[in-house]
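See structure below.
As the structure is a prediction and not an experimental result, all values here were calculated from the model. Just follow the structure's listing: the first ligand is 1, and inside any ligand the first atom is 1. Any value given below was found using the heavy atoms of this structure, including those in side chains, with hydrogens, waters and symmetry copies removed.
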Amino acid sequence: LLLLTCLTNSVAQNYDEAKVPAYTLPEVLKTAAGKEVTSKKMWEEVRRPEILRLFEDNIYGQMPKDYDSIRYTLKNEDKAALNGKARLKEVIVQVFRNKKSVQIHLVMFIPGNAAKPSPVFVLINNRGKDNTDPTRKVKSGFWPAEMVIDSGYAIAAFHVSDLAPDNKDTFMNGVLQLYPEQLEADNGMRAIGAWAWGASRVMDYFENDKDIDAKNVAVVGHSRGGKASLWAAAQDRRFAVCVTNCSGNTGAALARRQFGERIARINTTFPHWFNNNYKKFNNNENDLPVDQHMLIALIAPRPLYATNASKDLWADPTGTFLALKNAEKTYALYGRRSKLPVNPPAINVPLSQPPLAYHNREGEHDMTAYDWGNFIRLMKSRP
Ligand code: GTR
């Protein structure tokens, strides 16, 4: 095993565009039986379920939808937060199954003067909890609550560790205690799936909060959290918008380009993120029955914003752009014409128009006020 691990790690990650191998992407709009998908109906009834199943079986695992009960408890409220501009709510979302439960601590700021329910951005927080500090002693560009409130939207967040600790030895101490059978299955849920599951339970809550417009929820994630936001939006069509920031490999970037992080590497460093079947594709990208453009297609016709950062070649900015381009045909089935150009835009040229939005921000692997400003632009320019 040690030898195998060393061999896997020794495969150099490529950063040279000239060394990207020739590849053929699996066809989004052709059914398993070889039929061309020509209508929205055929997509929704035949091809979309096929693709969803392929992602479950080969990558992210099943998404259990049954639970015994769910309870929402308002733990803290401040009607005059952010200098009176917002209402702070901290809610515990507790989900029960098999006499076990998980608790999701949801932090929300809602515009104070809103005349009707507010559309909301909900972040799947994979970084330090102080990035989403409800007291606002700590303010971070990763979750710029003040800026989002000023633009008229609510902003919410929960932490991934409430669902599955991000650790290969302890990830099962969360949602997976409610669904222990998942751990036995080669296509069972793992950590990324558990985080996406948490986003759906937060959506269950939003549907019960009169302050929130549950038909206008954008699910947001950065990097590993951005892999989860994609999977959440693909699985749960209640999410109106998806934001995936620097999500890279097994996020919004095409695997077959083998540029930057690769499947063998991600499965070695983070064996708890994806299901057992995914390990078959280590150094074997071309055998995958899907590629990541198909995950984006599952989100159609809903707006999707994928970002990258210029110094974050690990997450393959070009491969992300190409994944979006290869999902365009599916959006077109719904009459949603992509406004993306043929080639990736220059650094710091945001293309924030729906349905498929993209930018490559100058700088490091991160999520910043620059990124959020553009997510807000996408929300504002939706039809
Ligand atoms: C890296 C990992 C990436 C990305 C990143 C992050 O180590 O290789 O896939 O998830 O972590 O979450 O910041």
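Using the six-membered ring where Trp is involved, Phe274 and Tyr278 have ring planes that are perpendicular, over 60° apart on the 30 and 60° scheme.
We find that Lys89 and Asp211 are joined by a salt bridge, their nearest charged nitrogen and carboxylate oxygen being less than 4.0 Å apart.
Judged as a salt bridge (charged side-chain N to carboxylate O under 4.0 Å, His left out), the pairs with a partner in residues 59-74 (not counting sequence neighbours) are, in order, Asp66-Arg97.
Taking the ring centre of Phe259 as origin, the terminal cationic atom of Arg257 falls inside the region bounded by 6.0 Å and 45° from the ring axis.
The one candidate from Trp372, Phe375, Phe121 that meets the ring pair (Phe, Tyr, Trp, His ring centres under 6.0 Å) condition with Tyr305 is Phe375. With respect to Pro350, the side-chain contact (heavy atoms from CB on, under 4.5 Å) criterion is satisfied by exactly one of Thr307, Asp371, Asn374: Asn374.
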At less than 3.5 Å, what protein N or O atoms come close to the N or O atoms of ligand 1? Include the distances to 0.1 Å.
{"unit_1": "ligand 1", "atom_1": "8 (O)", "unit_2": "Glu261", "atom_2": "OE1", "d": "3.1"}
{"unit_1": "ligand 1", "atom_1": "8 (O)", "unit_2": "Glu261", "atom_2": "OE2", "d": "2.5"}
{"unit_1": "ligand 1", "atom_1": "8 (O)", "unit_2": "Trp314", "atom_2": "NE1", "d": "3.0"}
{"unit_1": "ligand 1", "atom_1": "9 (O)", "unit_2": "Lys227", "atom_2": "NZ", "d": "2.9"}
{"unit_1": "ligand 1", "atom_1": "9 (O)", "unit_2": "Glu261", "atom_2": "OE1", "d": "2.5"}
{"unit_1": "ligand 1", "atom_1": "9 (O)", "unit_2": "Glu261", "atom_2": "OE2", "d": "3.4"}
{"unit_1": "ligand 1", "atom_1": "10 (O)", "unit_2": "Ser223", "atom_2": "OG", "d": "3.1"}
{"unit_1": "ligand 1", "atom_1": "10 (O)", "unit_2": "Arg224", "atom_2": "N", "d": "3.3"}
{"unit_1": "ligand 1", "atom_1": "11 (O)", "unit_2": "Arg224", "atom_2": "NH2", "d": "2.8"}
{"unit_1": "ligand 1", "atom_1": "12 (O)", "unit_2": "Ser223", "atom_2": "OG", "d": "2.8"}
{"unit_1": "ligand 1", "atom_1": "12 (O)", "unit_2": "Arg224", "atom_2": "N", "d": "3.1"}
{"unit_1": "ligand 1", "atom_1": "12 (O)", "unit_2": "Arg224", "atom_2": "NE", "d": "2.5"}
{"unit_1": "ligand 1", "atom_1": "12 (O)", "unit_2": "Arg224", "atom_2": "NH2", "d": "3.2"}
{"unit_1": "ligand 1", "atom_1": "13 (O)", "unit_2": "Ser223", "atom_2": "OG", "d": "2.8"}
{"unit_1": "ligand 1", "atom_1": "13 (O)", "unit_2": "His365", "atom_2": "NE2", "d": "2.9"}

